[in-house]
There are 2 protein chains.
Amino acid sequence: MLQRLANLRKSRNWSLQETADRLGIAKSTYAGYESGYRQPSLQALLQIANLFETTVDYILNRTNDKQEKLELVECLESEIALSLDGIPLTKEELYDFIAFTRLKRRIKNNDEE
Amino acid sequence: MLQRLANLRKSRNWSLQETADRLGIAKSTYAGYESGYRQPSLQALLQIANLFETTVDYILNRTNDKQEKLELVECLESEIALSLDGIPLTKEELYDFIAFTRLKRRIKNNDEE
DNA sequence: TATAATTGTTTGCGTAATGCGTATGAAAGT
DNA sequence: ACTTTCATACGCATTACGCAAACAATTATA
């Protein structure tokens, strides 16, 4: 399940020791992840994704997309600044769009059934 | 960490029991995930993401800590990726949003004059 | 070549966390 | 009032995590 870890690490020319040090865990612990002997805790998994600057889904082999995406729901909850035509996007504008797109997606899914 | 689970479930009008049944686990087990009392195994996590048709990153509330300002027009032109509910935002969805918001802003400006 | 240093692999063990059944409480339906 | 559904909490057996340490394998340095 975590076969991609070895590639992510080797592409950075890091040893198991160095990777473990960067994660703040024991070498044998991280080695266990790569070998499939053990599974990381969710906390460790998040730190690994941060370290390799990719998504958890990519690490778990759930997608081929390495790119991290900016989640709009997150933008609503926090103060991440989006702008359109140089004008800051209000929460209301974003909220309307989220509702709008969710509705559109639901309709699309229904049509396909 | 798994605060989004309750919303994902409730937006589908599922009970804890029904969700647990769909996942093939005990109700108390799934309830433990939502309450934060327990953490799912990676296998369970993947099944949950599949059930709710979203990403593991979204379920884990993983935030990319880029605090930079993002211009939506640039998102259209480049490959800066947005997502909604853990599902990648298509260019078409983003384009509709831009047109929609521009129109709304124009109407609002006219009203204020 | 010999030797040290670095890297990768595996094991044993103490501890912590999981997952289930079950019990309890709350809310809703008949 | 009574039953049914729903949500939450607890006890406990089992699993498996994370670490240190030992071991093997590769590379570096003299």
Side-chain angles (χ1 to χ4, degrees), chain A residues 1-64 66 68 73-74 76-77 102 106 109, chain B residues 1-65 85-86:
Chain A
M1 171 178 289
L2 300 169
Q3 310 93 338
R4 282 182 163 158
L5 282 185
N7 285 335
L8 287 167
R9 174 176 64 85
K10 289 175 182 170
S11 69
R12 287 162 175 77
N13 289 322
W14 292 346
S15 66
L16 292 172
Q17 185 69 64
E18 177 167 6
T19 307
D21 288 344
R22 287 173 182 262
L23 292 169
I25 61 177
K27 175 182 66 167
S28 60
T29 299
Y30 178 77
Y33 303 157
E34 278 199 7
S35 68
Y37 178 61
R38 291 289 166 80
Q39 293 192 341
S41 67
L42 297 189
Q43 285 74 14
L45 188 62
L46 290 174
Q47 290 180 327
I48 291 170
N50 289 336
L51 178 65
F52 291 130
E53 294 179 307
T54 185
T55 64
V56 173
D57 288 271
Y58 182 78
I59 292 175
L60 295 181
N61 222 353
R62 225 183 145 251
T63 177
N64 291 323
K66 283 182 228 182
E68 302 184 61
V73 174
E74 180 71 24
L76 250 194
E77 293 165 352
R102 280 177 175 161
R106 201 172 311 152
N109 284 338
Chain B
M1 172 178 284
L2 300 168
Q3 309 95 336
R4 293 210 201 276
L5 281 184
N7 285 334
L8 287 167
R9 174 176 63 84
K10 290 174 183 171
S11 69
R12 286 162 175 76
N13 289 323
W14 292 347
S15 65
L16 292 173
Q17 184 70 65
E18 176 167 7
T19 308
D21 288 344
R22 287 173 183 261
L23 292 169
I25 61 178
K27 175 182 64 168
S28 60
T29 299
Y30 177 77
Y33 302 158
E34 276 200 8
S35 69
Y37 179 61
R38 293 287 167 79
Q39 292 193 342
S41 67
L42 295 189
Q43 285 73 15
L45 189 61
L46 290 175
Q47 289 181 327
I48 292 171
N50 289 337
L51 178 65
F52 290 130
E53 295 177 304
T54 184
T55 63
V56 174
D57 291 82
Y58 182 76
I59 292 175
L60 295 182
N61 215 357
R62 198 165 101 81
T63 72
N64 25 10
D65 33 41
D85 298 325

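Throughout, a chain's letter reflects where its sequence line sits, starting with A, and its residues are numbered from 1.
- Rounding to whole angstrom units, OH of residue A:Tyr30 and P of C:dT7 are separated by 14 Å.
- Residue B:Tyr30 comes nearest to B:Ala20 through the heavy atom pair CB-CB, 4.2 Å, listed as atom of the first residue, atom of the second, then distance.
- Here the straight-line distance linking atom CG of B:Asn13 with atom CD of B:Glu18 works out to 9.5 Å at 0.5 Å rounding.
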Side chain to side chain contact (heavy atoms under 4.5 Å, CB included) between A:Asn61 and A:Met1, worked out:
CA-CA 7 Å; A:Asn61 222 353; A:Met1 171 178 289; 5.8 Å; no
Treating primed atoms plus P, OP1 and OP2 as sugar-phosphate and everything else as base, which nucleotides of nucleotides 25-30 of chain C get B, S or - for protein heavy atoms under 4.0 Å?
------
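- Interface residues of residues 43-54 of chain B facing DNA chain C, ordered by number: none; criterion, heavy-atom separation under 4.0 Å.
- The two residues A:Ser41 and A:Tyr33 come nearest to each other via the heavy atoms N-OH, 4.4 Å.
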Could you walk me through whether A:Lys66 and A:Thr55 pass side chain to side chain contact (heavy atoms under 4.5 Å, CB included), step by step?
CA-CA 6 Å; A:Lys66 283 182 228 182; A:Thr55 64; over 6 Å; no
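- Here A:Ser15 lies in heavy-atom contact (under 4.0 Å) with sugar-phosphate atoms only.
- Sorted by first and then second residue, the pairs that involve residues 49-58 of chain A and meet salt bridge (charged side-chain N to carboxylate O under 4.0 Å, His left out), not counting sequence neighbours, are A:Asp57-A:Arg62.
- In terms of the ring-ring contact (aromatic ring centres under 6.0 Å, His included) criterion, residue partners of B:Phe52 (sequence neighbours excluded) are, by chain and number, B:Trp14.
- Taking B:Asp21 as the reference, B:Gln17 meet the side chain to side chain contact (heavy atoms under 4.5 Å, CB included) condition, with sequence neighbours excluded.
- Annotation: the terminal axes of the helix from C:dT1-D:dA30 to C:dT30-D:dA1 meet at 30°, where each axis is the rotation carrying the C1' atoms of four end pairs onto the next four (5 pairs per end, rounded to 10°).
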With the criterion being N/O to N/O and under 3.5 Å, what pairs connect the protein with nucleotides 15-17 of chain D, and how long is each?
from	atom 1	to	atom 2	distance (Å)
D:dC17	OP2	A:Gln39	N	3.0
D:dC17	O5'	A:Gln39	O	3.3

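- Counting non-hydrogen atoms under 4.0 angstrom, A:Thr29 reaches a base of the nucleic acid.
- B:Ser35 contributes a side-chain N or O that, together with a main-chain N or O of B:Ala31, makes up a donor-acceptor pair within less than 3.5 Å.
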Short heteroatom pairs, N/O only, protein and nucleotides 14-16 of chain C, under 3.5 Å:
none

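- Distance A:Asn13 CG to C:dT6 P: 17 Å, rounded to the nearest Å.
- In this structure a side-chain-to-backbone donor-acceptor pair under 3.5 Å is missing from A:Thr29 to A:Ile25.
- The closest side-chain heavy-atom distance from B:Ile59 to A:Val56 is not below 4.5 Å.
- Judged by distance alone, with hydrogens and angles left aside, the side-chain atoms of A:Thr54 form no donor-acceptor pair with the main-chain N or O of A:Ala49 at under 3.5 Å.
- Contact check for A:Ile48 versus A:Leu23: side-chain heavy atoms found under the 4.5 Å cut-off.
- Residues passing the salt bridge (Lys or Arg N to Asp or Glu O under 4.0 Å) test with A:Arg4: none are found, sequence neighbours excluded.
- A:Arg12 pairs by the salt bridge (Lys or Arg N to Asp or Glu O under 4.0 Å) definition with nothing, not counting sequence neighbours.
- For B:Arg9, the side chain to side chain donor-acceptor pair (under 3.5 Å) partners at least two apart in sequence or on another chain are B:Glu34.
- For the segment residues 16-26 of chain A, the set of residues with a heavy atom within less than 4.0 Å of an atom of DNA chain C comprises A:Leu16, in numerical order.
- The side chain of B:Lys27 lies closest to D:dT8, out of C:dG8, D:dT8, D:dC19.
- Remark: B:Arg9 is not in phosphate contact with D:dC6, judged by side-chain N or O atoms under 4.0 Å from OP1 or OP2.
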